[in-house]
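Reminder, nothing fancy here: chain letters follow the sequence lines and each chain counts from 1.
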Amino acid sequence: MSQTLLQQIITMGAALMLLISFALLSQKRMLSLLHWFALQGVVLAAVTALVAYTSDNTELYVSAAITLMLKGMLLPWVLWKIIRQMHVHREVEPLVNIPITMLIAAALVVFSYQVTLPIEHLSHLITRNTIAVAMANVLLGMLMMITRKKAITQVIGFLAIENSLFFAGVGATYGMPLVAELGVAFDVLIASVVFGLFFYHIRDTFESLDLNKMEK
Amino acid sequence: MNWFVFLLGAPLLAAAWLAFDAHPHRSAWVNKIAAALTFIASIGLAVQVLRHGRLMVWDGWFFMDAFNVFLVALTAFVATTTAIFSGPYMRHELEKGKIDGNRLRLYHSMYQLFVFGMFLGQTSNNLAIIWLSLEIATLATVLLVSLYRTPGSIAAAWKYLIICGVGISLALFGTATLFFASSDVLGHGEAALTWTRLYASADQLNPTVMRLAFVFLMVGYGTKVGLAPMHTWLPDAHAEGPTPVSAVLSGLLLNLALYALVRCKMLVDASTGTHFAGNLMMGFGLLSLLVAAFSLHKQHDIKRMFSFSSIEHMGLMTFTFGIGTPVANFAAMLHMTTHSLVKSGIFFTVGHATQMMGTQVMSDIRGLINHQPGIGWGLLIGTCAIAGFPPFGVFTSEFLIFSAALQSYPWTVSVLLIGLLIAVAGLFRFVPDMTYGKVPEHAKLVHANMLPIYIHFSLALLLGISIPGFLAGWYHQAAALIAGGAT
């Protein structure tokens with residue numbers, strides 16, 4: 001009973017994560033981009049907590065709590081503060097227009113399923129879809145990083161990649177060992193501080209967070 | 001065991017201390033002493049490992065075998081000489097107003113944190129911690145690259161942060177995939193990420209999953225090794241940061257990433273029973289060698305040029321580890337040693353040369369030998385050494401690499417030869433002009449600390465003339481270990 005429930009939770013989580021990745025790619029305004037990013041963190045925390053509950057893995061509750069606080073609340077809030085404080089232009093400014101980005105994204109999802117096909121045939125774990133979805137999410141995060149002009153959108157893409165990796169860990173293996181989870185959480189925190197520092201450096205040096213200005 | 005506490009403790013404590021100590025002389029000394037302590041500790045550990053075989057520390061969370069203890073000793077050595085070099089170098093930058101007291105604190109503290117990350121990664125038995133330590137070392141060096149806060153350095157550091165950040169997340173994805181395969185065999189816990197446990201039961205791991213995991217690990221760690229086509233961050237990061245940082249980036253950080261890759265390769269090839277991981281490494285290695293050799297010719301900045309030479313040599317090492325026979329591993333480790341010694345030595349001389357001429361642009365650097373002979377000759381000798389001229393150690397290791405390649409994959413030798421020749425031509429296109437000729441008028445004399453340079457080049461020379469017996473035995477042990485022999 002709990003195995004089917006677990007499978008359903010993870011499959012639904014995977015679907016939601018993929019949906020949110022597409023939503024992130026299609027946003028035109030910074031504020032709604034941040035909302036979706038925060039939602040991704042919350043979904044991730046919820047899936048983690050549910051997996052923890054159904055698989056009786058207490059370590060995962062810790063991960064879920066950290067995820068909710070860090071990725072669902074703290075990081076989106078800090079990013080929003082930075083955007084307001086630095087008077088960043090509130091539009092996303094994509095380099096490639098959004099419909100074409102969406103088409104590329106769809107192709108990337110198909111590609112991920114293709115690559116992970118041999119695993120799905122082999123795996124006897126119940127969460128076969130998740131590796132494919134997680135890989136697709138990673139690729140979508142990268143797509144976001146390369147098709148956006150601003151430093152902040154690049155960072156959101158980066159953090160979305162981290163989210164998908166975390167989801168891969170939870171979905172495919174019911175969470176990595178606690179040491180790994182804590183290490184990654186710590187790393188995300190420190191990396192965000194460094195990112196924040198660099199926003200100020202970049203703005204002070206180039207008078208804008210637009211990365212085109214950085215090219216010589 | 002006691003030595004081990006020093007190895008990790010000294011840099012960590014020093015990093016904390018130096019974060020609050022802006023006194024130029026005292027902090028430089030603390031930096032040196034902390035690095036020297038790790039070097040002494042690494043010698044102690046090396047002796048223990050050579051006498052008693054593999055060493056497990058702290059309930060198996062850390063371990064040392066012939067392979068990583070060799071890297072630890074090399075890291076500690078280069079970290080120490082770089083700390084000695086950086087003392088007068090950073091004082092010069094301080095006097096010229098390129099940095100202030102706060103930046104000096106940041107510099108020293110991050111330097112020690114970087115060293116800590118290096119040792120943590122090289123000795124850890126847990127794949128997740130190896131990953132984490134690479135990330136620590138990356139973040140520390142990002143702050144070091146942006147130390148001068150010039151537009152160029154900020155842009156370079158941002159590029160470094162983003163490209164390596166993404167690269168390293170791919171490595172994490174690879175690690176998660178690997179855990180997916182191993183948790184079936186070793187259970188759902190730390191054991192499934194513990195390297196020694198994984199290696200012992202590698203043949204039971206699902207080969208298909210391991211193969212997919214390795215693709216991600218290859219691209220992820222390969223980004224940090226500086227393999228083409230993910231190498232674009234490396235020249236900028238080397239050119240814009242302070243020179244001691246370029247020296248440790250080239251001499252140490254790239255080695256750690258390659259170390260992580262080789263450890264994963266050992267697992268994957270043992271699991272699949274094929275040469276899949278090795279082939280992938282050979283491909284990326286050859287590509288990097290060629291790309292770097294051609295790019296070398298197009299450079300204007302002296303540090304960028306030598307960073308392309310680093311990419312070339314890292315490609316060569318990745319290729320050689322990919323071959324995977326004991327001879328090849330021996331050659332690759334020797335090459336790692338000689339490259340680290342010579343390349344950091346070159347960066348020391350380049351650092352003095354750029355301070356002397358006040359520029360990094362190669363067409364403005366002229367007449368080094370006439371102006372300050374020690375530095376000019378240092379650069380020329382270093383270039384000969386890195387180009388692989390006998391009697392230097394790089395010649396020996398490249399010769400061994402050729403023998404190993406001839407033995408297993410003869411066709412690759414032609415590619416290697418072309419790549420190396422083009423790279424050598426690139427080096428000698430620029431370096432003689434810089435060392436000879438008329439001294440520009442604005443050139444000034446600098447207080448050069450030649451000791452680390454002499455030590456590095458004489459060691460490289462010694463390795464070229466005759467490798468000491470104990471060292472050769474040590475490499476043999478490690479080479480057999482990597483090739484899948486006795487543990």
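Within 6.0 Å of CZ in A/F22 there are more than 12 heavy atoms belonging to other residues, nucleotides or ligands. Counted within 6.0 Å of CZ on B/F276, heavy atoms from surrounding residues, nucleotides or ligands total more than 12; the atom is thus considered enclosed.
Going from atom OG1 of B/T123 over to atom CE of B/M118 covers 11.0 Å, rounded to the nearest 0.5 Å. For the atom pair A/L33 CG and A/L79 CG, the distance stands at 9.5 Å (nearest 0.5 Å). Note that CD1 of A/I131 is 5.5 Å distant from CZ of B/F173, once rounded to the nearest 0.5 Å. The line from CD of A/E162 to CG of A/N137 is 13.0 Å long, rounded to the nearest 0.5 Å. The structure places OG1 of A/T101 at 11.0 Å from CE of A/M144, a figure rounded to the nearest 0.5 Å. The line from CG of B/N126 to CG of B/L120 is 10.0 Å long, rounded to the nearest 0.5 Å.
Between B/F62 and B/W58, the ring planes are perpendicular. Angles over 60° get that label, and only those under 30° would be called parallel. Relative orientation of the A/F158 and A/F195 rings is perpendicular, given thresholds of 30° and 60° on the angle between their planes. Between B/Y111 and B/F114, the ring planes lie tilted relative to each other; the angle falls in the 30° to 60° range.
With a threshold of 4.5 angstrom between heavy atoms, A/M135 approaches chain B through its backbone and through its side chain. Neither the backbone nor the side chain of A/F167 comes within contact range of chain B; no heavy atoms are under 4.5 Å apart. Both the backbone and the side chain of B/V142 come within less than 4.5 Å of a heavy atom in chain A. In this structure, chain A has no heavy atom under 4.5 Å from any part of B/L127. Only the side chain of A/I161 has a heavy atom closer than 4.5 Å to any heavy atom of chain B.
Close approach to chain A, defined as a heavy atom under 4.5 Å from one of its heavy atoms, is seen in B/E135, B/L139 of residues 134-141 of chain B, taken by number. Contact residues of residues 153-165 of chain B toward chain A are B/I154, B/A155, B/A157, B/W158, B/L161, B/I162, B/G165 (heavy-atom distance under 4.5 Å). Below 4.5 Å, heavy atoms of chain A meet no heavy atom from residues 102-110 of chain B. Scanning residues 36-47 of chain A against chain B with a 4.5 Å non-hydrogen threshold yields no residues.
Under the 4.5 Å side-chain criterion, counting only non-hydrogen atoms from C-beta, B/R304 is in contact with B/D236. Under the 4.5 Å side-chain criterion, counting only non-hydrogen atoms from C-beta, B/N125 is not in contact with B/W61. Between B/L172 and A/D187 there is no side-chain heavy-atom pair separated by less than 4.5 Å.
Note: B/P151 leads B/A191, B/P151, B/S146, B/A128 in heavy-atom pairs under 4.5 Å with chain A.
When all heavy atoms are compared, the tightest approach of B/M210 to B/A181 is SD-CB, 4.1 Å. Scanning both residues, B/K224 and B/W233, for their nearest heavy atoms gives O-CZ2, 3.6 Å. In terms of heavy-atom proximity, B/S201 sits nearest to B/L186 at OG-CD2, 3.6 Å. In plain terms, the two heavy atoms of A/S112 and A/A132 that are nearest each other are CB-O, 3.6 Å. Residues B/L113 and B/A15 come closest through the heavy atom pair N-CB, 3.9 Å.
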